[in-house]
Amino acid sequence: MQVFRVLLLLCLLLSGFPAAAQPQEIMLKSGESTDVFEVYWIDTSNCRSQLNRILGIDILSGPEGLSASIREQTVTARRQHCSQQVPGGWVVFTAGNVAAPVKGPVQFRVRYDTTEGQRQSSHTRQVALFP
């Protein structure tokens, strides 16, 4: 039985499964914007918000012509399996005036003011920008 599980796992890994684990590339043309993902800060034991406010977002490295912002709104903390709405927002990427196609990783952090003090989360996404 153990050999069967190992072979099954090996087959799944060689076939590219799971596809969700592979990073998706965000593609934008000049002037376009897209929602990337929701941001919030909660107590995972009770799904209650600990967020006072989102302080900002900083691009640490990435293709020129890309900007990031936060659109504040209530969101659902789905990654923590919470069903209630909490204060938060969406990370939004915007392509500026792109002269030539460029692609690569963008590394950024979101800064929060929480009931426990200032916190941050770091993220990396693949982007491709086009004129």
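Numbering of residues begins at 1 and proceeds along the displayed sequence. Only heavy atoms go into these numbers, but all of them, side chains included; no hydrogens, no water, no symmetry mates.
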Residues that, via side-chain heavy atoms closer than 4.5 angstrom, fall in one hydrophobic cluster with Leu60:
none
Do the non-hydrogen side-chain atoms of Leu28 and Val127 ever get within less than 4.5 Å of each other?
no
All heavy atoms of Ala68 vs all of Ile57, minimum pair found to be O-CG2, 3.5 Å
Nearest heavy-atom pair of Pro131 and Lys29: which atoms, and what distance?
O-CE, 3.7 Å
Show your reasoning for whether side chain to side chain contact (heavy atoms under 4.5 Å, CB included) applies to Arg111 and Asp58.
CA-CA 8 Å; Arg111 295 177 287 112; Asp58 306 309; 2.7 Å; yes
What distance separates Phe37 CZ from Ile26 CD1, expressed to the nearest 0.5 Å?
8.5 Å
Looking only at non-hydrogen atoms, find the nearest pair between Thr124 and Gln107 and report the distance.
OG1-CG, 3.6 Å
Please report the interatomic distance CD(Gln73) to CD(Glu38), rounded to the nearest 0.5 Å.
7.5 Å
Quick check: closest heavy atoms across Gln84 and Asn46, and the distance to 0.1 Å?
NE2-O, 4.3 Å
Pairs under 3.5 angstrom only: tabulate donor-acceptor contacts from the side chains of residues 47-56 to other protein residues two or more places apart or in another chain.
| from | atom 1 | to | atom 2 | distance (Å) |
| --- | --- | --- | --- | --- |
| Ser49 | OG | Leu51 | N | 3.1 |
| Asn52 | ND2 | Thr114 | O | 3.2 |

Closest heavy-atom pair, Tyr40 versus Arg78, reported as atoms and distance to 0.1 Å, is OH-N, 3.9 Å
Please, which pairs that meet side chain to side chain donor-acceptor pair (under 3.5 Å) have at least one residue in residues 88-97, sequence neighbours excluded?
Ser33-Thr94
Any side-chain heavy atom of Val86 sitting closer than 4.5 Å to one from Thr74?
no
Atom of Pro63, atom of Pro105 and distance for their closest heavy-atom approach
CD-O, 3.7 Å
Report the residues that fulfil side chain to side chain contact (heavy atoms under 4.5 Å, CB included) with Ser69, sequence neighbours left out, ordered by chain and then residue number.
Val92
With a cutoff of under 4.5 Å between side-chain heavy atoms, which Ile, Leu, Val, Met, Phe, Trp and Tyr residues group with Phe130?
Met27
Atom CZ in Arg119, atom CG in Asp113: separation rounded to 0.5 Å?
10.0 Å
I need the full list of ring-ring contact (aromatic ring centres under 6.0 Å, His included) pairs touching residues 41-66, with sequence neighbours left out, sorted by first then second residue.
Trp41-Tyr112
For residues Val39 and Ile42: do they belong to one hydrophobic cluster (side chain heavy atoms under 4.5 Å, members Ile, Leu, Val, Met, Phe, Trp, Tyr)?
no
Are Ile70 and Val36 linked, directly or through other ILVMFWY residues, by side chains that come within less than 4.5 angstrom of each other?
yes
